[in-house]
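Read through the structure below, which is laid out as C-alpha cells, and then see the notes.
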Amino acid sequence: MTVLVVGSVALDSVETPFGKADDVLGGSGTFFSSSASHFVPVQLVGVVGSDYPMDKLAPLAARGVDMAGLEHAEGESFRWRGRYRHDLNSAETLETRLGVFSHFKPKIPAQFRNAPFVFLANIDQRLQLEVLQQVERPKLVACDTMNFWIESRRTDLLTLLGKVDLITLNDGEARQLTEHANLVKAARWILDRGPTHVIIKKGEHGAFMFTRESIFFAPAYPLEDIFDPTGAGDSFAGGFIGYLARTGDLSEANLRRAVVYGSAMGSFAVEGFSTTRLLEIGREDIERRVQAFARLVAFDAANLA
Ligand code: AMP
C-alpha cells in the first residue's frame, strides 16, 4: 500500500560537534520519504524554489518516490539552520527561512488522493489541514509538528488533533503543547483531543506509544557514534508508517512492531549527515537492526524469582 506524505523539502545547514554541512538535502518530507521508501512506494507533496538543486533529489526518485506532487515555485527554497551541542537530543534552531513555503497551497494530484496511509510531516498546521480536505478516507492519518508551529499555530493544531489517528512529537514538544511536565499526563491530554495513538519520542532515550489502554516503550538503538541527529524524528515516522503500510495490519501487536521499525530507521538516520546513511542501507541492514532491538530488550520473564 502506498504512503502519501506532505512535508518540507529543504536545504539544511547543520553544525554538530563532529562537523558542519551547508545547504544539504533536508526537510521533513525528504527524510520521511528516504525512510518510508524502504518499505512501500511513497508519494511526496511539497514545494521547492527555483534555487533548489534538483539533482540532489535524484536518489529519492531512484528509490521510487513519486514527485508528481512536488511543486516548483519561483523564489527561494525553504531553509533551516540548526546546531547541536553535546546534548545531541535537541536541536537549536538558528534560522528558519520559509521562502516558497510562505505562499504554498498543497495540491494533491488526483492519483494520490486515495492513498491509504497519509503522513502530515512537520509543516504549517494550516497546510496539513488543507491536505486533509483533499484526501479520501485514508486507513490511517498521522501527523507531526514542532515547537515553531506549536507557538504560531496552536489553534490550528488543536483542530488537527480532532482529525488525525496518530501524532508523533518529541518530549519537549509534548510538554510545550500540553503544559504538563509529566509525559503520561501529556499523552492523556492529547488522547482526550482526538488521536487514538500518541507517540512521544525521547531521542537517545527511546520512544513511547500511548493509547487509552496501554503504554509501549522501545529504546533507541545504543550507537557508539552519532554524527547528525537531524531527521531522526521524520525517519522514525517513515519506518513506523512504512512498516504499517507494507503489512496493512493495524493491530496493537503490529503497531508495537512498527515502533521498533521506526526506532531502527531513526538510528540509521543519525549515523551520517543529511540523508546519506538512509539512502545507502538496504532491506538486510534494516532487518538485522530490528533483530538487534529484539535482543536488546529480551529477558526471561517466565522464571522471575
Ligand atoms: P527532525 O530532526 O526529524 O525533527 O526534522 C528535521 C528536519 O525538519 C530538517 O531537515 C528541517 O529542514 C525540517 N524543519 C525544521 N524546521 C521546520 C519547520 N518549521 N517546518 C518544517 N520543517 C522544518
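Whatever order the structure lists ligands and atoms in, that order sets their numbers, starting from 1. The structure displayed is predicted, hence computed values, not measured ones.
- Close approach of ligand 1 to Gly27 (heavy-atom distance below 4.0 Å) involves ligand atoms 9 (C), 10 (O), 12 (O).
- Atom numbering of ligand 1 starts at 1 in the shown order; those under 4.0 Å from a heavy atom of Phe31 are 10 (O).
- The protein atom (non-hydrogen) at minimum distance from atom 15 (C) of ligand 1 is Trp80 CD1, 3.3 Å.
- Aromatic ring centres of Tyr261 and Phe39 lie closer together than 6.0 Å.
- Under 3.5 Å, the side chains of Asp144 and Thr168 contain a donor-acceptor pair of N or O atoms.
- Residue contact check: Ala232 has heavy atoms under 4.0 Å from atoms 2 (O), 3 (O) of ligand 1.
- Close contacts between ligand 1 and Thr230 involve ligand atoms 2 (O), 6 (C), 9 (C), 10 (O) [criterion: under 4.0 Å to a heavy atom].
- Among Gly231, Ser8, Gly233, the residue whose heavy atom lies nearest to atom 2 (O) of ligand 1 is Gly231.
- Judged purely by distance below 3.5 Å, without hydrogens or angles, the side chains of Gln125 and Gln128 pair a donor atom with an acceptor atom.
- At least one heavy atom of Trp149 sits under 4.0 Å from some atom of ligand 1.
- The shortest contact between atom 9 (C) of ligand 1 and any protein heavy atom is with Asp12 OD2, 3.2 Å.
- Among Asp234, Leu127, Thr275, the residue whose heavy atom lies nearest to atom 5 (O) of ligand 1 is Asp234.
- The shortest heavy-atom distance from Phe101 to ligand 1 is not under 4.0 Å.
- Set against the non-hydrogen atoms of Ala10, the atoms of ligand 1 under 4.0 Å away are 12 (O).
- Backbone and side-chain nitrogen or oxygen atoms of Gly26 are examined, and none is located within less than 3.5 angstrom of a nitrogen or oxygen of ligand 1.
- Under a 4.0 Å N-O distance rule, the pair Asp192/Arg212 qualifies as a salt bridge.
- Salt bridge status for Arg79 with Asp22: absent, with no side-chain N to carboxylate O gap under 4.0 Å.
- With Tyr243 as the aromatic partner, Arg257 does not meet the cation-pi criteria of under 6.0 angstrom to the ring centre and within 45 degrees of the ring axis.
- Aromatic rings from Phe32 and Phe119 are positioned such that their centres are separated by under 6.0 Å.
- With hydrogens left out, the protein atom closest to atom 21 (C) of ligand 1 is Asn122 O, 2.8 Å, a heavy atom.
- In this structure, the ring of Phe78 has its center less than 6.0 angstrom from the ring center of Phe101.
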Apply salt bridge (Lys or Arg N to Asp or Glu O under 4.0 Å) to the pair Asp124 and Arg153, showing each step before the final yes or no. CA-CA 7 Å; Asp124 188 333; Arg153 294 285 189 256; 2.8 Å; yes
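- Closest to atom 16 (N) of ligand 1, if we only count protein heavy atoms, is Met146 SD, 3.3 Å.
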